[in-house]
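Worksheet for the structure shown next.
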Amino acid sequence: PGLKNKDEVAEQVGVGAVVFNDLVHNRIKDISFDWDTALSFEGDTAPYVQYTHARACSVLRKAESLGVRPLTEGYAGTEWEDAEVSLMRLMGRFPKVVAAAAQGREPSTIARYVLDLAKAFNGFYHANRIIGSEREAERLALTNAVRHVLANALDLLCVAAPEEM
């Protein structure tokens with residue numbers, strides 16, 4: 001209720017839910033539409049991915065308000081944890097996923113990818129402290145990178161990526 005632009009966000013989530021529901025399925029398969037499923041914040045839905053993007057934005061806003069900035073250079077010698085490496089590898093697949101989707105004219109490839117990335121980031125977020133950790137700058141950089149990839153993937157699917165929800 002306290003969200004400044006709640007009507008705009010509600011429209012973005014609603015429209016995104018319908019569009020994503022169509023695009024997450026292969027083009028040659030029949031689909032059935034269910035509002036409860038499409039609007040769920042859990043599972044294979046646009047609101048789930050949009051909320052993950054908004055969560056990443058929230059972490060970055062909070063860090064900025066505390067005067068903490070993501071690491072922008074000096075990654076050499078950084079010892080990344082397995083969960084961080086997994087996220088980086090998943091993000092590194094994005095260009096190939098886009099190329100495969102374009103070549104096969106199959107947007108579901110991007111939709112399934114963005115769901116995998118959202119799930120991976122949410123798992124990382126719940127298992128690892130970002131702000132206040134000794135790896136804060138690196139984890140903020142990783143969070144910012146995930147935010148960018150989520151936003152770009154959603155944009156390719158013509159789904160908005162709200163910064164607050």
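Counting begins at 1 with the first residue of the sequence. For clarity, every value in this text was computed on a predicted model and none was experimentally measured.
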Nearest 0.5 Å please: distance from the [atom1] atom of [X] over to the [atom2] atom of [Y].
X	Y	atom1	atom2	result
T45	L115	OG1	CG	7.5 Å
H53	H148	NE2	NE2	8.5 Å
L156	L23	CG	CG	11.0 Å
M88	R93	CE	CZ	15.5 Å
M91	L150	CE	CG	9.0 Å
L60	R55	CG	CZ	13.0 Å

Any donor-acceptor N/O pair, [X] side chain to [Y] backbone, under 3.5 Å:
X	Y	answer
S108	A111	no
Q50	A160	yes
Y113	L90	yes
N21	A17	no
R61	E163	yes
N122	A118	yes
S86	D82	yes
E84	E81	yes
N144	L140	no

What are the two closest non-hydrogen atoms of [X] and [Y], and how far apart are they?
X	Y	value
G16	A46	O-CB, 3.3 Å
R147	C57	CD-SG, 3.3 Å
A161	A151	CB-CA, 4.1 Å

Heavy-atom distance under 4.5 Å between the side chains of [X] and [Y], does that happen here?
X	Y	value
T52	Y125	no
N5	L3	yes
L117	L87	yes
E136	I131	yes
S133	R139	yes
K62	V68	no
T143	F121	yes
Q12	M165	no

* **Worked check of side chain to side chain contact (heavy atoms under 4.5 Å, CB included) between V114 and F20** => CA-CA 11 Å; V114 78; F20 193 87; 3.8 Å; yes

* Asked: Between R129 and E134, does at least one N-O distance fall below 4.0 Å, as a salt bridge requires?
  -> no

* In a check of side-chain contact (heavy atoms from CB on, under 4.5 Å) between V15 and each of V18, V13, V19, which one passes? -> V19

* In a check of side-chain contact (heavy atoms from CB on, under 4.5 Å) between V49 and each of V159, L154, D44, which one passes? -> L154

